[in-house]
Amino acid sequence: MKPKVIVTREIFDDVLDYLRQHFDVTDNQADTPMDAETLAKNLADKTGAMTTLVDRVDAKLLARCPKLKAVCNMAVGFNNIDLGACSSAGVMATNTPGVLDDSTADFTWALILATARRVVESDAHVRAGEWKGWYLKQFLGADVHHATLGILGFGRIGRRVARRALGFDMTVLYHDSQPADAATERTCNAAFVSMDGLLSRADILTIHVPYAPATHHLVSGRVLSKMKPGAILIHAARGGVVDDAALLEALRSGRLAGAGLDVFENEPALNPAFLAMKNVVLTPHIASSSAATRHAMAMLAAQNLVAALTTGKPPNLLNP
Ligand code: DGY
C-alpha cells in the first residue's frame, strides 16, 4: 500500500504524475481553496502533504493529523508553518529555496521600473482614450539609472537584485544583520551601510527579508519617516514586514513618491486605500510566477515529499 498524501492546491500534471509513482495522492486540481477545517479533515488520514503559503500548519492542525510525517511547502517562505509544533509532532517540514531567486529578482526590477517610470498609470491613461498627444511634462517619472538602490535583506534574492543594478549604473547599498563577504560585495557592486544610512540615502528601497515575529512591521512608520523624501519603496518579500497603514500614510503625505507592492498584510484582502493611489503599482504576490519557476517550486516540493517519506532525509529540511 502506498502512503497517502495530499496536494492542497492545483499543481502541474507531470509533478502530479511523479507523486503518483510513489504515493496514493489526493489532489486538488480544481484548485478550491481550503479553510482550516477542510484542511484538517483532508489531512487527518494522510502521511504527507504538499502545501502552499496560505495553508496554516500549527499545533491545532497537527493534533488532528496523527499519521502526518511530512509537510512540504511550495514556497521558500514558511511563515505559515509552525516549525516548533512540527518538531514536537515528529513532522518534517521543507521549503523550496534557490529555485525562485532569479525570477523574484527579475520581478523586483519590473516593479522598480514600473513604479519609477509610471508604466501602469500611463498604460491606463492610454487605454482610457485620454491620450491627446505629446507634451513636455507628461508622466514625469524618476530616473532609475545612476540612482541609489537600497536593499534591505542581502540574502540570495537581495544579491540578485543588486547584480541586476549594474546595467543601470546605480550606487548599491545594502543592510542586513551582518555584512556579506568582500567577494560577494565586489560581485554585487554593493556596500554595507547601517539601517539609518540605508534609509537616508536610498532613492529606491527594496525589501528582501523573510517574515517572522522578529521582522513583523520591520518597516514601520518610524522607519518610513527616515527614508529620503521622494524615495520609492519596493516590496516583494512577505506581507507583514511592512506596516501597510504606515506606508499608506507616507504615500499620502508625499514623503514617498511611490511604491511597487507584490505582497500585503492580510492577502488577498489588502487595504483598499491602496487601490485609489495612482503612484502605487499593485501585483498579486506573483514575483516568483514565471512558468518555469513555479514548475521548479512544485517539483522541488514533490521531491522533498518523496525523499521525506522514503529516506527521511528531504533536501530542504527546515527542522532537522
Ligand atoms: C515564496 O516562495 O515564499 C513566495 O512568496 C511564493 O510566491
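Ligands are counted one by one from 1 in listed order, and the atoms in each one are counted from 1 as well. Start at 1 with the first residue, then count along the sequence.
- Distances shorter than 4.0 angstrom do not occur between any heavy atom of M74 and any atom of ligand 1.
- Classification of E37 and R64 as a salt-bridged pair holds, one side-chain N sitting under 4.0 Å from a carboxylate O.
- Proximity to V76 (heavy-atom distance under 4.0 Å) selects the following atoms of ligand 1: 1 (C), 2 (O), 3 (O).
- When each atom of ligand 1 is checked for a heavy atom of R294 under 4.0 Å away, the hits are 7 (O).
- Under a 4.0 Å criterion applied to the non-hydrogen atoms of L53, ligand 1 contributes the atoms 5 (O), 6 (C).
- Atoms of ligand 1 found under 4.0 Å from any heavy atom of A75 (numbered from 1 in listed order, with element): 1 (C), 2 (O), 3 (O).
- Between D24 and K2, none of the side-chain N atoms (NZ, or NE/NH1/NH2) sits under 4.0 Å from a carboxylate O, so this pair counts as no salt bridge.
- Ring to ring, F154 and H175 are not that close: their centroids are 6.0 angstrom or more apart.
- Those atoms of ligand 1 with a heavy atom of G77 less than 4.0 angstrom away are 1 (C), 2 (O), 3 (O).
- With hydrogens and angles ignored, the 3.5 Å screen pairs a side-chain donor or acceptor of T108 with a backbone N or O of T104.
- Close approach of ligand 1 to S288 (heavy-atom distance below 4.0 Å) involves ligand atoms 6 (C), 7 (O).
- A salt bridge links D106 with R164; the closest basic N to acidic carboxylate O contact falls under 4.0 Å.
- Of all atoms in ligand 1, numbered sequentially from 1 with element shown, those under 4.0 Å from a heavy atom of H285 are 4 (C), 5 (O), 6 (C), 7 (O).
- Between H125 and F139, the two ring planes are perpendicular [angle over 60°; tilted spans 30° to 60°].
- When each atom of ligand 1 is checked for a heavy atom of L100 under 4.0 Å away, the hits are 2 (O).
- Screening L205, V161, D203, I234 against L149 for a side-chain contact (heavy atoms from CB on, under 4.5 Å) leaves a single residue, V161.
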